[in-house]
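Every number for a ligand or one of its atoms is a count from 1 in the order of the listing. Sequential numbering from 1 along the given sequence is applied to the chain's residues. Values below: every heavy atom of this structure, side chains too, minus hydrogens, waters and symmetry copies.
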Amino acid sequence: MYKMAAYCRLSRDDGENRSSESIENQIKIIREYIEKSEDLELADSYIDDGFSGMYFSNRPQFQRMMKDIYEGKIQGIITKDISRLGREHIETSHYIERVFPSIGIRFIAILDGLDSISHRNEELAQFQTLFNDIYCRDISKKIRGSLEVQKRRGNFMSGFAPYGYKKDPENKHRFLIDTEAAQVIQRIFSLYLTGYSKGSIAKLLNEEGILRPSEYKRRIQKLNYTNAREKSAVGGWTYPTIHGILKNRVYIGDMVQHKTEKISYKIDQYRYIPPNEQIIVADTHAAIIDKNTFVQVQELLKRRARNSEIPRESTKKNHYIGIILCGECGRPMIRKERRNGYECALYHQKGNAYCRSHFIEQSILDYVIKIEIKRQMKTLLEAGDEFEIWGREYQKIVEKNRSIRKKERLENRKKELKKIEKYKKKTYENYEGSVINQEEYARYQKDYTEKEKNIQKEIERIRAEKEYGKILEIPAIRWIENGEITEITRGILIELIDRIVVNEKKTLDIFCKYQSPYK
Ligand SMILES: [Zn+2]
């Protein structure tokens with residue numbers, strides 16, 4: 001008697017055949033076949049529901065079956081047809097022609113009339129796997145087609161709502177605001193406008209213990225969420241996460257889909273779609289960020305990208321480039337090296353007929369900006385109320401997340417301690433069994449003891465950490481020492497000044513970045 005594994009599989013790529021391919025139907029056919037055969041008995045059923053036939057390694061039940069095969073629990077596999085085993089020609093053939101024969105596994109695909117023991121229909125099997133492959137290619141196109149129609153209607157067609165939203169339980173193609181995450185989104189936008197860089201926003205959120213979006217989805221929203229990119233992620237907020245959020249139109253209420261595309265129906269890899277080819281439908285859900293703020297951020301993103309292109313040496317002298325504008329024509333002003341100042345770019349290019357020079361010396365700019373920043377800082381420090389209220393709300397979220405993070409960190413350390421305990425025991429056994437000598441043993445023990453001590457110390461430190469406390473800082477403060485700004489640098493300007501407009505008779509309009517979110 002052959003102990004047979006019944007293998008069933010159903011997935012989206014079965015397209016219109018889904019009902020005839022249903023798991024029940026597959027099982028029924030297999031049972032009937034086994035009952036009629038004299039040398040087969042059903043040992044176990046392995047059912048991968050919702051898994052594509054393109055891949056083998058990600059199917060849990062297929063993997064469990066292979067494990068049972070290697071452990072000798074099963075002598076054969078029976079499927080309704082070859083496509084249930086797999087839809088990818090090369091790998092499916094590889095299993096049927098190489099793997100199964102080499103480990104003595106009998107393979108039966110009922111409807112294809114294949115039974116490896118009778119060598120029946122082996123040529124047909126080859127043809128069949130090739131056919132299945134072509135079929136899958138076709139279906140994958142069809143699925144893409146119907147998905148696109150849905151997306152053009154503004155229906156959300158993916159598994160998980162973006163961070164800041166949750167799926168509407170009444171209509172899973174729409175979003176509702178997730179208040180807690182939405183507040184973090186708002187904070188990210190406002191920090192960026194305040195002058196924080198993307199990297200420093202990520203750093204700040206990490207320090208505050210705010211769960212990163214994927215963790216939040218798993219832990220707070222209780223979603224079974226995984227993210228392909230996450231494997232390589234350091235854990236915590238990163239520059240790309242912040243960048244992605246700042247650019248995402250979903251936060252002004254637009255549905256943005258078709259941002260990535262599978263490179264091929266075979267490869268589990270994606271390419272980015274340029275924005276003009278993405279499927280965007282406006283105003284499908286409530287906005288988290290108002291349009292005005294969003295537009296400001298987009299401009300700033302562009303401008304800062306440009307700013308960072310300025311080579312390092314020249315930034316010292318040119319620190320107003322990209323920030324200073326002509327008040328008459330609105331063009332940027334360019335550097336006049338010889339006279340150590342700036343003049344209108346339009347005038348510089350086309351002369352008197354178009355605009356005037358509006359030349360201004362850098363030393364004057366430095367002087368005025370220094371005074372202005374100091375003045376602004378003073379009002380900001382004194383004003384405070386609005387800033388406080390906004391801060392307290394935010395603080396609540398931070399504290400909650402901090403306490404979750406703290407618990408998690410403590411648990412991890414305790415796990416590490418247990419592991420070391422195990423190693424210690426193992427080393428002792430090795431010593432007893434003369435696998436290692438006394439000297440080695442002593443060295444290992446010393447190593448482990450030291451590690452233990454360090455972890456203990458860390459545990460104490462984490463325990464002592466406060467889950468509350470002042471978390472907000474006014475970013476510009478760090479430029480000021482003893483009430484003085486020592487020197488105007490590119491860094492200060494980028495962080496604090498939005499733009500400087502040079503008007504007639506050298507009067508200046510100075511627009512600060514930190515004004516908008518607090519005032
Ligand atoms: Zn001009």
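- Within the coordination shell of the Zn ion (ligand 1), defined by N, O or S atoms under 2.8 Å, H358 is absent.
- Here the CZ-CD1 distance, from F189 to I252, works out to 8.5 Å after rounding to the nearest 0.5 Å.
- No donor-acceptor pair closer than 3.5 Å links the side chain of D178 to the backbone N or O of Y163.
- If you put the vertex on the Zn ion (ligand 1), SG of C355 and SG of C344 sit 120° apart, to the nearest 10°.
- With the Zn ion (ligand 1) as the vertex, SG of C326 and SG of C329 span 100° to the nearest 10°.
- Counted within 6.0 Å of NE2 on H285, heavy atoms from surrounding residues, nucleotides or ligands total more than 12; the atom is thus considered enclosed.
- Of the residues listed (L205, I210, L204, I289), the one engaging I188 in a side-chain contact (heavy atoms from CB on, under 4.5 Å) is L205, and it is the only one.
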